[in-house]
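Some notes on the structure that comes next.
What you see is a predicted model; the values in this text were computed from it and never measured. Nothing fancy with the numbering, it's 1 onward along the sequence.
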Amino acid sequence: MTNEQVHSMHLGDVEIIRVVEWHEPFLSTTDMFPTSSNELWEAHQDWLAPDHWQPEDDRTVIALQSWVLRGSGQTVLIDTGAGRGRNRPDMGPFHQSESRLLELLTEAGVRPADVDVVVNTHLHVDHVGWNTVDVNGEWAPSFPNATYLIPAADDFYYGPANSYGNGQQVVDRLIYEDSIAPIHAAGQSLLWEGTHRVNDFLTLESAPGHTPGSSVARVASGTDRAVFAGDLLHSPVQILDPCCNTNACLAPDQAESSRRRVLTRAAEENELLVPAHFGGAGALEVRRVNGGFSLGEWAPFSPHVKQ
């Protein structure tokens, strides 16, 4: 699979830079999407493979990626990947990951000091890892001038007051201690709930279900629109079958409701849908068909040229 790619496009006056750390086979379809049918995957094999599905061993294919938005004099980073050298037992490729996100950002012309805002769409392992960096044995914010926008519901659920996700996974405490608590200690965090206006082109909205604080980020510039949907969707099959949740959705019914709401608005308002983990072109338009949804045009990303 293709790794370490940087692409970009413009949405109105906002530049969107897509930083792909890896694009690889992941879990089997039945492990990742317990309620999905084999027939659904097989019926759409012609476009699901190879970017989203590996039919020969029935494994999903996903991308680990982050997004940079530049406009109105601000640089915003949406999600920070898995980090480097993190203790993540039983978390597959995220354990002791050797991520190069900071290097890739710098190569794309985005230095850590340039980032004004970091958005964590939710607090899972692969969305907060580069919130911090090891400085002389202590975790410190990777982006020294940034305000980190953290969903309040996730901060509570995964934080110490709730025994780090009710103590269900040791990894939730590890994630909070090395990637969230140091941001609070540095005074760089801002907790939000409901909706939060970031600047004149970006607004955050709660979309709970995958986690209590799962959120989406809406971009509006001129007549162009996009919604960065985080982990509401991991595969295009969830557009065709919105009731199809991942094994990581804490509240499946709520996740499906949020997914349908976001898909409906994307279709009705011609928003570009930008999920966290889609491979291939990474983003696409959504259409309404016979009371359901279908895939529209894929996003026209091009190799990024450093400015």
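Linking ILVMFWY residues whenever their side-chain heavy atoms come closer than 4.5 Å, directly or via other members, leaves Val76 and Phe143 in distinct clusters. Cluster membership for Val216 and Phe278, using ILVMFWY side-chain heavy atoms within less than 4.5 angstrom, is shared. Under a hydrophobic clustering in which Ile, Leu, Val, Met, Phe, Trp and Tyr are joined whenever their side-chain heavy atoms come within less than 4.5 Å, directly or via other members, Phe228 and Leu272 fall into the same cluster. If you chain together hydrophobic residues whose side chains sit under 4.5 Å apart, Val135 and Leu102 fall into the same group. Hydrophobic clustering, with ILVMFWY side chains joined whenever heavy atoms are under 4.5 angstrom apart, keeps Trp192 apart from Tyr157.
Using a 4.5 Å heavy-atom threshold, the side chains of Leu149 and Val117 count as touching. The closest side-chain heavy-atom distance from Leu284 to Ile239 is below 4.5 Å. Within the 4.5 Å cutoff, no side-chain heavy atoms of Ser36 are placed close to those of Val237. Inter-residue side-chain proximity for Trp67 and Arg18 is flagged as met; some heavy-atom pair is nearer than 4.5 Å. With contacts defined as side-chain heavy-atom distances shorter than 4.5 Å, the pair Val61/Ser235 does not qualify. In this structure, Glu15 and His10 have side chains that are in contact, with non-hydrogen atoms separated by less than 4.5 Å. Side-chain contact between Glu177 and Trp139 is absent, with no heavy atoms from C-beta onward closer than 4.5 Å.
Judged purely by atom type and a 3.5 angstrom limit, Asp79 has no side-chain atom pairing as donor or acceptor with the backbone of Gln65. Put simply, the side chain of Asp126 never gets that close to the backbone of Phe94: no donor and acceptor are under 3.5 Å apart. Judged by distance alone, with hydrogens and angles left aside, the side-chain atoms of Ser214 form no donor-acceptor pair with the main-chain N or O of Gly209 at under 3.5 Å. Side-chain N or O atoms of His23 include one that pairs as donor or acceptor with a backbone N or O of Asp51 at under 3.5 Å. Under a 3.5 Å cut-off, the side chain of Arg288 and the backbone N or O of Gly291 do form a donor-acceptor pair. Not one N or O on the side chain of Asn290 forms a donor-acceptor pair closer than 3.5 Å with the backbone of Gly292. In this structure, the side chain of Gln188 engages the main chain of Ala146 through a donor-acceptor pair within 3.5 Å. A donor-acceptor pair is defined here as one N or O able to donate and one able to accept, closer than 3.5 Å; no such pair exists between the side chain of Ser97 and the backbone of Arg84. Asn145 places a side-chain N or O within 3.5 Å of a backbone atom of Ala113 that can act as its donor or acceptor partner.
Expressed to the nearest 0.5 Å, how far CG of Asp114 lies from CG of Leu77 amounts to 11.5 Å. Rounded to the nearest 0.5 Å, atoms CZ (Arg259) and SG (Cys243) are 8.5 Å apart. Here the OG1 atom belonging to Thr223 is positioned 8.5 Å from the CG atom belonging to Leu11, to the nearest 0.5 angstrom. Atom CD1 in Ile78 sits 12.0 Å away from atom CD1 in Ile17 (nearest 0.5 Å). Atom CG in Leu232 sits 9.0 Å away from atom OG1 in Thr121 (nearest 0.5 Å). Separating the CG atom in Leu104 from the CD atom in Gln5 is a distance of 10.5 Å, to the nearest 0.5 Å.
Within a 6.0 Å radius of CG in Asn136, no more than 12 heavy atoms belonging to other residues, nucleotides or ligands are found. Crowding of Asn247 atom CG: a count of heavy atoms from other residues, nucleotides or ligands under 6.0 Å exceeding 12. Summarising the local packing, CD of Glu193 is surrounded by 12 or fewer heavy atoms from other residues, nucleotides or ligands at distances under 6.0 Å. Other residues, nucleotides and ligands contribute more than 12 heavy atoms inside 6.0 Å of the CG atom of Asp57. The 12-atom threshold is not exceeded at CZ of Arg111, counting heavy atoms of other residues, nucleotides or ligands nearer than 6.0 Å.
The two residues Met32 and Leu27 come nearest to each other via the heavy atoms CB-CB, 4.1 Å. Contact record, Ala281 with Phe301: O-CD1, 3.4 Å, taken as the closest heavy-atom pair. Annotation for Ala255 and His210: closest pair CB-N, 3.8 Å, computed over non-hydrogen atoms. Taking every heavy atom of both residues into account, Leu202 and Leu69 meet most closely at CD1-CD1, 4.1 Å. Taking each heavy atom of Ala108 and Arg70 in turn, the nearest pair found is O-NH2, 4.5 Å. The shortest non-hydrogen separation linking Ser206 to Pro208 is C-CD, 3.7 Å.
Ion pairing of Arg88 with Asp178 is present here, as a side-chain N (NZ or NE/NH1/NH2) and a carboxylate O approach within less than 4.0 Å. Between Glu107 and Arg100 there is a salt bridge, since at least one side-chain N of the basic residue sits less than 4.0 Å from a carboxylate O of the acidic one.
Relative orientation of the Trp22 and Phe26 rings is tilted, given thresholds of 30° and 60° on the angle between their planes. Ring geometry for His277 against His234 counts as parallel: the plane angle stays under 30°, on a 0 to 90° scale with 60° as the upper cut. Ring pair Tyr176/His184 is tilted by interplanar angle, where 30° to 60° counts as tilted.
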Exercise for review: Kindly determine whether Thr246 and Gln238 satisfy side chain to side chain contact (heavy atoms under 4.5 Å, CB included), including the steps that lead there.
Suggested key: CA-CA 9 Å; Thr246 71; Gln238 293 175 284; 4.1 Å; yes
Point to revise | Stepwise side chain to side chain contact (heavy atoms under 4.5 Å, CB included) test for Thr60 and Asp31 | key: CA-CA 9 Å; Thr60 58; Asp31 284 341; over 6 Å; no
Practice item. List the steps, then state whether side chain to side chain contact (heavy atoms under 4.5 Å, CB included) holds for Leu123 with Ile175. Key: CA-CA 8 Å; Leu123 301 190; Ile175 293 167; 5.6 Å; no
Exercise for review: Evaluate the side chain to side chain donor-acceptor pair (under 3.5 Å) criterion for residues Thr80 and Asn131: first the C-alpha distance (whole Å), next the side-chain angles of each, then the deciding distance (0.1 Å), finally the verdict.
Suggested key: CA-CA 6 Å; Thr80 65; Asn131 276 6; 3.0 Å; yes
Exercise for review: Output, in order, the C-alpha distance, side-chain angles, deciding distance and verdict of side chain to side chain contact (heavy atoms under 4.5 Å, CB included) for Leu263 and Leu233.
Suggested key: CA-CA 10 Å; Leu263 288 173; Leu233 304 101; 4.3 Å; yes
Exercise for review: Evaluate salt bridge (charged side-chain N to carboxylate O under 4.0 Å, His left out) for Glu269 paired with Arg218, printing each intermediate quantity in order.
Suggested key: CA-CA 12 Å; Glu269 299 191 11; Arg218 297 193 183 279; over 6 Å; no
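Side-chain contact of Asp224 with Ser221: a donor-acceptor pair under 3.5 Å is absent, judged by distance alone. Side chains of Thr132 and Arg86: a donor-acceptor N/O pair is present below 3.5 angstrom, by distance only. No side-chain donor from either of Trp53 and Thr29 sits under 3.5 Å from a side-chain acceptor of the other. Remark: the Ser72 side chain and the Asp200 side chain contain an N/O donor-acceptor pair separated by less than 3.5 Å.
Aromatic rings from His52 and Trp298 are positioned such that their centres are separated by under 6.0 Å.
Residue Trp130 forms a side chain to side chain donor-acceptor pair (under 3.5 Å) with just one option from Ser66, Ser99, Ser142, Ser179, and that option is Ser99. Residue His122 forms a side chain to side chain donor-acceptor pair (under 3.5 Å) with just one option from Thr211, Asp154, Asp231, and that option is Asp231.
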